[in-house]
Amino acid sequence: MTHMIDEQMKDDLLSRGYSRRQMMRTALMFGGAAAAGLSLNSELAFAKDRAAMAPNMVRIGSNECWTGPMAPGLAAGNAAFANANRYSPNDEDAKLVKAIATVENVPEDHIATYPGSGETLSRTLVAFCSPTRGLVQASPTYDNPTPVAKFLNVPIASAPLTSDYRHDVKAMLKANPNGGVYYVVNPNNPTGTMTPMAEIEWLVNNKPAGAVVLIDEAYIHWTKDFPNNTATHLVRQGKDVVLTRTFSKVFGMAGARVGYVMARPDLLKKVEVYDRGNGPAIPTTACATASLTATALINARRNEMIQNRAMTVDFLTKRGLKVIGPSEANMIMVDWKTKSAKEMGAMYKAQGIQIAGPRWPVWPTVGRVSIGNKADMEAFMNASSKILA
């Protein structure tokens with residue numbers, strides 16, 4: 001980060017009521033998150049926690065895709081790696097932005113790329129929250145922003161999901177009528193459930209002035225109505241929204257770290273004050289660009305996941321377990337009823353299956369199961385038959 005950006009960041013934070021101590025913590029967060037004991041990506045941190053697991057473990061706990069990058073992306077990434085001696089041999093970032101603009105029908109100056117979507121979430125919080133204007137979110141939802149808000153000591157307000165597991169946008173606004181960031185994950189993580197676009201639009205139109213609605217569409221490519229159910233039209237309309245996407249899910253690039261954000265240029269500029277830093281690596285960027293337009297492969301992966309999810313849900317419900325949903329993402333939440341999520345996670349681990357354990361305190365008996373390929377889910381069902389007998 002240059003001295004000019006340092007001054008810009010300092011002036012912005014102080015003008016919004018941050019103390020000098022909070023300002024220094026912000027600099028530490030982006031300059032040395034590890035030293036601060038803070039992860040900017042909770043899913044990645046969870047993955048590291050289980051890195052020592054046996055190599056033959058069935059890994060269905062982190063919502064990863066069961067396979068790697070798509071063939072066109074892998075070929076493009078390998079070709080780009082041959083020129084990795086250059087910082088930007090073929091203007092790869094600009095090509096990715098152009099591809100995003102074409103696919104999403106969003107102007108190029110409304111797009112910025114990042115190494116994953118976690119950093120965009122964190123930077124959006126810093127840019128629009130303050131000691132008096134906090135984070136507002138659903139409960140439960142993706143927990144990446146929570147440790148950032150706690151670290152910065154900004155207010156956090158939560159509203160329970162509705163009885164059918166949508167974001168209760170009116171309750172969110174009531175929870176803090178003067179929030180800085182209203183965070184909507186659609187489809188939601190961990191439930192995989194969708195919040196209707198009309199309700200998101202209501203929140204956008206009724207939120208307080210100066211706030212943004214941060215819409216996280218990490219799992220949108222898995223949904224049956226994609227691309228007709230996205231919030232990109234709100235970006236095109238110039239609304240106060242920041243929309244994030246990632247290549248970690250359907251594109252099979254979780255370890256490659258690449259994502260993007262779409263918003264009005266003035267909103268992007270506020271986010272970028274907090275050190276946009278380096279973008280994704282050149283081979284990763286080339287891989288993402290080639291993958292983005294592989295529509296047939298995206299559809300094939302979606303259909304495969306939907307089939308495997310339906311098979312798994314049918315298996316569990318026939319055994320009397322409640323599956324929260326309906327999920328439209330590559331995950332399901334299972335209520336184990338008489339056992340805690342921690343206990344069940346340990347029991348599945350003993351059977352060679354890694355699922356997500358006790359990560360949602362509001363639901364102590366509910367665990368998340370990611371959807372893998374057919375063999376993964378058959379292994380899960382075989383283990384379940386033993387555990388649930």
Is a side-chain donor or acceptor of [X] paired with a backbone partner of [Y] at a separation under 3.5 angstrom?
X: Asp168; Y: Ala171; result: yes
X: Thr365; Y: Trp336; result: no
X: Arg368; Y: Met333; result: no
X: Thr317; Y: Asp314; result: yes
X: Arg309; Y: Ile371; result: no
X: Thr195; Y: His167; result: yes
X: Lys207; Y: Ala211; result: yes
X: Asn78; Y: Leu74; result: yes
X: Glu119; Y: Tyr114; result: no
X: Arg359; Y: Ala356; result: no

Whether the [X] and [Y] side chains hold a donor-acceptor pair (N or O, under 3.5 Å, no angle test) is what I'd like checked.
X: Asn63; Y: Tyr219; value: yes
X: Asn373; Y: Thr67; value: no
X: Ser384; Y: Tyr348; value: yes
X: Asp164; Y: Thr162; value: yes
X: Asp93; Y: Thr285; value: no
X: Arg86; Y: Asn83; value: no
X: Asn382; Y: Ser385; value: no

Rounded to the nearest 0.5 Å, what's the gap from [atom1] on [X] to [atom2] on [Y]? Could you check?
X: Met253; Y: Cys287; atom1: CE; atom2: SG; value: 3.5 Å
X: Arg264; Y: Gln237; atom1: CZ; atom2: CD; value: 12.0 Å
X: Met305; Y: Arg301; atom1: CE; atom2: CZ; value: 12.0 Å
X: Met347; Y: Lys342; atom1: CE; atom2: NZ; value: 14.5 Å
X: Asn205; Y: Leu234; atom1: CG; atom2: CG; value: 8.0 Å
X: Leu96; Y: Ile111; atom1: CG; atom2: CD1; value: 8.5 Å

Exercise for review: Would you please test Leu214 and Leu125 for side chain to side chain contact (heavy atoms under 4.5 Å, CB included) and show each step?
Suggested key: CA-CA 9 Å; Leu214 174 57; Leu125 256 66; 4.2 Å; yes
Minimum heavy-atom distance [X]-[Y], with the two atoms named:
X: Trp222; Y: Ala329; value: CB-CA, 4.1 Å
X: Asn176; Y: Gly134; value: ND2-N, 4.0 Å
X: Val181; Y: Thr124; value: CG2-O, 3.9 Å
X: Ala82; Y: Asn85; value: O-OD1, 4.1 Å
X: Arg257; Y: Ser248; value: NH1-OG, 3.4 Å
X: Phe128; Y: Val271; value: CE1-CG2, 4.0 Å

Exercise for review: Compute the ring centroids of Phe380 and Phe315, then answer whether they are less than 6.0 Å apart.
Suggested key: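 Not under 6.0 Å, so no.
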Can a salt bridge be assigned to the pair [X] and [Y] using a cut-off of 4.0 Å between side-chain N and carboxylate O?
X: Lys337; Y: Asp335; result: no
X: Asp91; Y: Lys95; result: no
X: Glu199; Y: Arg166; result: yes
X: Asp216; Y: Arg245; result: no

In one Ile/Leu/Val/Met/Phe/Trp/Tyr side-chain cluster, 4.5 Å: [X], [Y]:
X: Met194; Y: Val241; answer: no
X: Ile355; Y: Val58; answer: yes
X: Leu267; Y: Leu121; answer: yes
X: Val184; Y: Leu161; answer: no
X: Met331; Y: Leu316; answer: yes

Report yes if some heavy atom in the side chain of [X] is under 4.5 Å from a heavy atom in the side chain of [Y]; otherwise report no.
X: Pro283; Y: Glu92; value: no
X: Val334; Y: Lys322; value: no
X: Asn229; Y: Ile220; value: yes
X: Thr120; Y: Val242; value: no
X: Ser291; Y: Pro72; value: no
X: Ser122; Y: Asn144; value: yes
X: Lys374; Y: Gln307; value: no
X: Glu104; Y: His110; value: no

Point to revise | Pi-cation contact, Trp202 with Lys170 (under 6.0 Å, within 45°) | key: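 Yes - Lys170 lies over the ring of Trp202, closer than 6.0 Å to its centre and within 45° of its axis.
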Practice item. Test Glu328 against Lys224 for salt bridge (charged side-chain N to carboxylate O under 4.0 Å, His left out), laying out the working first. Key: CA-CA 7 Å; Glu328 290 208 32; Lys224 65 181 185 301; 2.9 Å; yes
Review point. Can you list the steps and then say if Phe251 with Ile298 is a side chain to side chain contact (heavy atoms under 4.5 Å, CB included)?
Key: CA-CA 8 Å; Phe251 296 104; Ile298 295 171; 3.6 Å; yes
Exercise for review: Just do the side chain to side chain contact (heavy atoms under 4.5 Å, CB included) check on Tyr182 and Gln137 with the steps written out, would you?
Suggested key: CA-CA 6 Å; Tyr182 293 83; Gln137 60 189 356; over 6 Å; no
Exercise for review: Please lay out, stage by stage, how Gln354 and Ser62 fare under the test side chain to side chain contact (heavy atoms under 4.5 Å, CB included).
Suggested key: CA-CA 9 Å; Gln354 174 261 327; Ser62 296; 4.2 Å; yes
